[in-house]
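Notes to accompany the following structure.
Along the sequence shown, the residues carry numbers beginning at 1. The figures here come from the full heavy-atom set of this structure, side chains too, leaving out hydrogens, waters and symmetry mates. Everything numeric in this text was worked out from a predicted model, so none of it was measured.
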Amino acid sequence: MTSVDYIKAAVVVPLFLLAAPLAGVAIRQRPGWQRVVFALMCFMTINGLMGPGNWGLTIDSIETYRGHTKGYHFYFNHALAIALIVACRAEHPSSFRWMPHGVGGYLFYCGLSILSLLNAPVASLVLMTAHKMVFAIVLMIATFNYLRTEKEICFFLRVMAWVMLWQVYVCLKLKYLNGVYQVRGTFEHQNPLAMYTVMIGMPLLAVALGPPFKGAKLLMAGFLACGVIVQCTLSRAALAVFAGGVIGVMGLSVVEKPTSRRFLAISFMGVVGAVGLLLTLDTIISRFNDQGNEASAELREVMKEACREMVKDHPLGIGWNNYALVVNPPYRYAEIYYDWTRGRNMRVDESRPNSVVESHYYLLLAENGYPGLVGWLLVLILGLWRNARALWEFEHSLLRCLSLGIAFGCGLNYVQSTLERVLTQPRNLMLWLILMGVTARLEIMRRERRKNRASASEQRGLRSGAEALEG
């Protein structure tokens with residue numbers, strides 16, 4: 001550690017271990033302040049105001065490294081999450097949960113991934129990622145324990161609608177005032193921005209199309225902002241994924257319960273979408289005709305071949321966050337890249353670092369081995385299963401629509417993960433864990449409603465029996 005790292009540690013330790021818990025004690029029994037803290041926690045997932053920011057402190061930073069974790073980073077919204085956790089624990093000790101549904105499976109996946117430490121050339125790279133992934137779970141725990149009622153869930157959705165309205169303002173400024181071709185907003189790259197937008201855009205759309213409530217128009221505005229953001233990024237895959245998600249959510253919403261409100265909203269969005277497409281069609285076509293597509297596709301296959309070689313050598317993984325290290329000399333996996341380069345009649349430049357595989361699943365296979373990949377897939381499947389059960393068992397309601405939206409938003413990110421390392425990006429990971437916290441709360445609500453229905457049915461049966469005996 002450098003002298004700067006010690007200064008950062010002098011800030012981080014009291015902030016997270018003292019100030020955050022004390023703030024939680026201060027805001028207990030103060031719902032207004034808790035709403036402010038929760039809203040800030042959600043807003044700070046975009047990690048920037050008018051461009052990419054760094055709302056946190058990194059100890060032992062290695063910014064030149066091309067891996068997905070570059071130090072022991074402490075995000076300030078994690079401190080807000082700790083404050084909320086302390087406040088919720090103090091207010092509701094009997095119903096508070098340290099381990100909401102999904103947390104155990106997620107931590108089990110992290111444990112399986114840490115096994116890759118046995119093969120890692122640089123152990124600290126594994127520990128950095130373990131720190132990032134495990135510490136971020138405070139967002140899920142805080143979300144689950146704070147969102148206790150449907151009213152609070154509506155507040156969360158309104159907050160995220162405002163977040164996306166702010167993001168579209170930043171994107172439009174960058175595109176039309178600054179002349180940026182592929183807009184990144186407050187993100188470091190356009191692809192994570194696009195998939196963050198898809199992840200939250202689908203829940204906003206699904207709930208906006210559901211039963212009317214105060215704030216539905218705001219959610220629709222937030223969704224329309226999401227559509228503009230995806231177009232501004234000009235991410236080819238995200239444009240296709242977003243369009244498919246919109247069609248899927250609208251189609252299932254109509255199947256779930258066809259209403260005149262839903263038909264009117266869909267017709268309105270169709271007109272807006274058609275106008276937007278006509279205005280930007282030339283740019284989109286130009287982007288899809290990018291001449292770099294063939295070379296990019298070939299390189300993806302080369303990187304996948306490197307992953308297969310790594311897991312063949314090390315079934316437990318080459319080491320979490322070590323891929324960017326071992327695809328360069330002196331490790332043999334660099335030759336897989338160089339053979340491809342020579343095959344294209346290009347000169348090999350060993351001073352230039354090789355690219356990191358873009359598929360999240362292949363990256364998991366290479367770095368975390370078979371246990372890590374299987375553990376991650378189980379986490380995703382169980383999350384979608386909880387969404388599906390909530391969608392099936394809730395009646396026509398905001399909660400049912402939200403379950404549909406989360407399933408689509410997260411599911412589309414899982415599909416996109418075959419092409420991009422979406423959920424290794426801190427902003428996307430934070431939003432995903434917040435949505436997993438919402439999913440865990442929906443699971444509790446589903447179980448409570450089923451129990452109440454069973455109790456009500458039993459009471460009706462007892463009354464019927466009593467009336468029969470009296471007769």
Other residues, nucleotides, ligands: >12 heavy atoms within 6.0 Å of Glu188 CD: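 No.
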
Over 12 foreign heavy atoms within 6.0 Å of CH2, Trp33: no

Within the distance-only criterion (no hydrogens, no angle test), does the side chain of [X] pair as donor or acceptor with the backbone N or O of [Y] below 3.5 angstrom?
X      : Y      : result
Ser417 : Val422 : no
Trp166 : Leu49  : yes
Asn322 : Ala120 : no
Arg427 : Ile46  : yes
Ser116 : Ser113 : yes
Asn119 : Gly317 : yes
Thr58  : Ser61  : no
Asn178 : Val180 : no
Arg184 : Gln190 : no
Asn354 : Asn328 : no

Can you name the closest pair of heavy atoms from [X] and [Y] and give their distance?
X      : Y      : answer
Met133 : Cys110 : CB-SG, 4.0 Å
Thr424 : Arg421 : OG1-O, 2.8 Å
Leu373 : Tyr361 : CD1-O, 3.8 Å
Ala238 : Met195 : CB-SD, 4.1 Å
Cys401 : Gly210 : SG-CA, 3.6 Å
Leu165 : Ala221 : CD2-O, 3.8 Å

Verdict with supporting geometry, Asn413 and Val241, side chain to side chain contact (heavy atoms under 4.5 Å, CB included): CA-CA 9 Å; Asn413 269 260; Val241 165; over 6 Å; no

Under 3.5 Å side-chain donor-acceptor pair for [X] and [Y]:
X      : Y      : result
Thr186 : Gln167 : yes
His68  : Glu367 : yes
Tyr414 : Trp432 : yes
Asn387 : Ser403 : no
Tyr333 : Asp313 : yes
Tyr196 : Thr45  : yes

Tyr106/Ile137 under side chain to side chain contact (heavy atoms under 4.5 Å, CB included): CA gap, chis, key distance, verdict: CA-CA 9 Å; Tyr106 177 82; Ile137 203 68; 3.3 Å; yes

Side-chain heavy atoms of [X] within contact of [Y], under 4.5 Å:
X      : Y      : answer
Tyr323 : Val357 : yes
Leu40  : Asn77  : no
Val356 : Val327 : no
Met41  : Ile434 : yes
Val198 : Cys226 : no
Leu193 : His189 : no
Thr69  : Leu125 : no
Ser253 : Leu404 : yes

Please confirm whether [X] and [Y] have ring centers closer than 6.0 angstrom.
X      : Y      : answer
Phe76  : Phe43  : no
Trp340 : Tyr337 : no
His73  : Phe135 : no

Between [Y] and [X], does any NZ, NE, NH1 or NH2 come within less than 4.0 Å of an OD or OE carboxylate oxygen?
X      : Y      : value
Glu420 : Arg300 : yes
Glu152 : Arg35  : no
Lys304 : Glu301 : yes

Parallel under 30°, tilted from 30 to 60°, perpendicular over 60°: which one fits the rings of [X] and [Y]?
X      : Y      : result
Tyr109 : Trp376 : tilted
Phe223 : Phe242 : parallel
His131 : Tyr72  : perpendicular

[atom2] on [Y] to [atom1] on [X], rounded to 0.5 Å:
X      : Y      : atom1 : atom2 : answer
Met199 : Met202 : CE    : CE    : 11.5 Å
Ile444 : Arg446 : CD1   : CZ    : 9.0 Å
Ile200 : Leu219 : CD1   : CG    : 8.5 Å
Phe213 : Glu150 : CZ    : CD    : 8.5 Å
Met436 : Thr143 : CE    : OG1   : 11.0 Å
Asn47  : Met430 : CG    : CE    : 5.5 Å

Side chain to side chain contact (heavy atoms under 4.5 Å, CB included) assessment of Met128 paired with Lys70: CA-CA 7 Å; Met128 288 173 183; Lys70 303 177 182 182; over 6 Å; no

Full working for side chain to side chain donor-acceptor pair (under 3.5 Å) between Ser235 and Asn191: CA-CA 6 Å; Ser235 170; Asn191 290 339; 2.9 Å; yes

Pair Phe74-Val11, side chain to side chain contact (heavy atoms under 4.5 Å, CB included): steps then yes or no: CA-CA 10 Å; Phe74 294 83; Val11 175; over 6 Å; no

